[in-house]
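Structure first, then comments.
Numbers for residues simply follow the sequence, beginning at 1. Because only heavy atoms are used, hydrogens play no part in the values below, and waters and symmetry mates are left out as well, while side chains stay in. Just follow the structure's listing: the first ligand is 1, and inside any ligand the first atom is 1.
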Amino acid sequence: MTTIRPFYLDCDTGIDDALALAYLLATPTVELLGIGTVSGNVAAATGAANTRDLLQLAGTPGIPVAIGAHDFLARPFDGGAPHVHGPNGIGGITLSTADHTPHSETAAELLIRLAYENPGTLRILAIGPLTNIAHALRLEPRLPALIAEITIMGGAALVPGNITPVAEANIGNDPEAAREVLAAPWNITLVPLDVTMANVLEEEHRRELLAADTPLARTLGEMLGHYYRFYEGIFGRACSAMHDPLAAAIAVEAVALRTAPVIHVEVDAGHGPGRGQTICDLRGQHLGYPEQPGAHCRVVLELTEDFAAHLTNTIIGRTPQNQESRLQAAHA
Ligand code: BDR
Ligand code: CA
């Protein structure tokens with residue numbers, strides 16, 4: 001029997017956030033109950049507008065989208081990453097505008113309500129700065145006991161950062177929030193740059209999206225044109241990392257993990273060159289990572305197989321079940 005899992009998504013939409021959203025919507029075991037936006041790639045309000053427009057394009061405009069924190073815990077939002085995600089966060093693509101009437105709750109309030117309505121089963125996927133989640137913890141310190149698991153795209157364990165030599169953007173934008181969220185007593189899965197930079201979407205995958213049947217998949221293919229130009233400066237060819245969609249696939253347990261130790265992780269929220277670093281205690285690596293008493297953060301370092309084809313097949317709708325039913329229909 002297939003278990004349907006309720007999810008709350010916290011995002012800063014964002015091209016790779018858009019891929020993660022499309023992936024969740026295409027995954028039959030996911031029930032996406034609500035989405036909160038946070039400033040990061042774009043301002044929280046812009047991220048909410050992008051998210052609503054994408055939901056409309058996907059034909060699922062009814063999922064609530066709550067605007068979350070505009071500013072980080074210890075500093076104001078400073079304009080985001082237009083050089084990575086384009087001036088509007090979605091590669092400069094104009095989508096037909098959905099109803100943008102604001103949701104009555106903040107992102108933190110929406111998350112807390114959904115947690116109480118789904119005690120012990122709600123999963124959080126956080127793919128932006130952790131400001132909303134930190135606000136939710138401050139509003140409701142019992143939140144961790146209500147949540148089955150939180151999966152976070154963020155950090156860098158053994159590889160360089162992407163906004164400073166050591167800090168990854170989601171953690172580095174709001175280290176105070178990340179520190180609180182990683183210290184809270186819940187089951188955390190951290191999906192850092194170690195694994196998201198090692199799994200790359202190539203031009204052939206973008207072409208498949210561009211040729212797909214659905215407007216959402218084709219639009220994602222167009223957005224990726226912008227994202228690939230940024231990553232060309234990093235990888236030396238037109239391609240992109242898969243930060244947020246990989247975190248989504250790990251949250252829904254659709255990819256097998258080769259190395260994912262449960263270890264102590266701390267965030268440097270100081271003001272020196274280490275600010276925003278995720279300090280991962282990987283000292284057990286030569287012994288196969290023996291148990292660390294009290295540790296509750298699983299850090300994904302390596303997958304067993306390539307992820308790109310799974311991502312594009314899921315978004316395009318070529319899941320094994322769909323393929324089978326298409327074949328059956330074709331032979332009926
Ligand atoms: C993370 O930062 C954002 O730019 C992306 O959307 C992703 O969540 C990668 O460091
Ligand atoms: Ca993101």
Side-chain angles (χ1 to χ4, degrees), residues 7-24 35-44 46-51 54 65 68-69 72 77-91 107 124-133 150-157 159-175 177-178 181 189-201 220 223-224 226-231 233-235 239-251 267 275-278 299-300 307 311:
F7 269 86
Y8 164 84
L9 172 66
D10 202 87
C11 54
D12 57 338
T13 317
I15 296 173
D16 60 328
D17 301 77
L19 285 167
L21 176 63
Y23 179 87
L24 290 181
I35 302 174
T37 62
V38 63
S39 293
N41 296 322
V42 287
T46 309
N50 289 344
T51 306
L54 287 162
V65 180
F72 305 120
F77 172 63
D78 59 2
H83 58 297
V84 185
H85 296 269
N88 63 354
I90 47 174
I124 300 173
L125 173 62
I127 54 176
L130 294 168
T131 323
N132 289 338
I133 314 296
I150 174 168
T151 302
I152 297 167
M153 189 282 129
V159 300
N162 60 3
I163 58 165
T164 77
V166 296
E168 178 280 330
N170 289 341
I171 306 296
N173 271 322
D174 196 341
V181 171
T189 293
L190 192 67
V191 183
L193 295 178
D194 303 65
V195 69
T196 66
M197 290 293 283
N199 285 278
V200 170
L201 208 57
L220 291 168
M223 285 180 200
L224 280 169
H226 183 96
Y227 207 43
Y228 278 21
R229 278 193 286 285
F230 169 76
Y231 274 102
I234 291 171
F235 289 113
C239 65
S240 79
M242 284 184 285
H243 310 295
D244 293 347
L246 179 53
I250 289 170
V267 177
R275 182 168 170 80
Q277 182 171 17
T278 42
V299 180
V300 181
F307 171 62
L311 175 65

[X] neighbourhood, listing ligand 1 atoms whose heavy-atom distance to it stays under 4.0 Å:
| X | result |
| --- | --- |
| D244 | 5 (C), 6 (O), 7 (C), 8 (O) |
| D16 | 5 (C), 6 (O), 7 (C), 8 (O) |
| M153 | 1 (C), 7 (C), 8 (O), 9 (C) |
| A169 | 2 (O), 10 (O) |
| E168 | 1 (C), 2 (O), 9 (C), 10 (O) |
| N162 | 9 (C), 10 (O) |

Checklist entry - Considering only N, O or S atoms, which atom of D12 is nearest to the Ca ion (ligand 2)? => result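 Atom name of the closest N, O or S in D12: OD1.
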Item to check | Atom nearest to the Ca ion (ligand 2) - D244, N, O or S atoms considered | outcome: OD2
Next on the checklist: Using a 4.0 Å heavy-atom cut-off, which part of I15 comes near ligand 1: side chain, backbone, both, or neither?
Outcome noted: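 Neither part.
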Checklist entry - Does N41 approach ligand 1 within less than 4.0 angstrom via side chain, backbone, both or neither, non-hydrogen atoms only? => result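 N41 to ligand 1: side-chain contact only, backbone stays beyond 4.0 Å.
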Are any of the N or O atoms of [X] closer than 3.5 Å to those of ligand 1?
| X | result |
| --- | --- |
| L193 | no |
| Y227 | no |
| H243 | no |

Next on the checklist: Using the Ca ion (ligand 2) as the vertex, how large is the angle between OD2 of D17 and O of I127, rounded to 10 degrees?
Outcome noted: 90°
Checklist entry - Quick check: does D16 put an N/O/S atom under 3.0 Å from the Ca ion (ligand 2)? => result no
Checklist entry - Is the distance from the Ca ion (ligand 2) to some N, O or S atom of G40 under 3.0 Å? => result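 Coordinating: no.
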Just by modelled atom types, is the [Y] backbone N or O under 3.5 Å from a matching donor or acceptor in the [X] side chain?
| X | Y | answer |
| --- | --- | --- |
| H226 | G86 | yes |
| D174 | L130 | no |
| N50 | N88 | yes |
| S39 | A44 | yes |
| N162 | A169 | yes |
| N170 | G154 | no |
| Y228 | L201 | yes |
| D194 | A157 | yes |
| T151 | L125 | no |

Next on the checklist: Any heavy atom of V84 closer to ligand 1 than 4.0 angstrom?
Outcome noted: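 For ligand 1, residue contact (heavy atoms, under 4.0 Å) with V84 is absent.
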Next on the checklist: Give me the nearest non-hydrogen protein atom to atom 2 (O) of ligand 1 as residue plus atom name, then the distance to 0.1 Å.
Outcome noted: N170 OD1, 3.4 Å
Next on the checklist: Ignoring hydrogens, what is the shortest heavy-atom contact between V200 and M197? Give both atom names and the distance.
Outcome noted: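 Looks like CG2-O, 3.7 Å.
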Checklist entry - Just by distance, with hydrogens left out, do D16 and H243 show a side-chain donor and acceptor under 3.5 Å apart? => result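 Distance-only check fails for D16 and H243.
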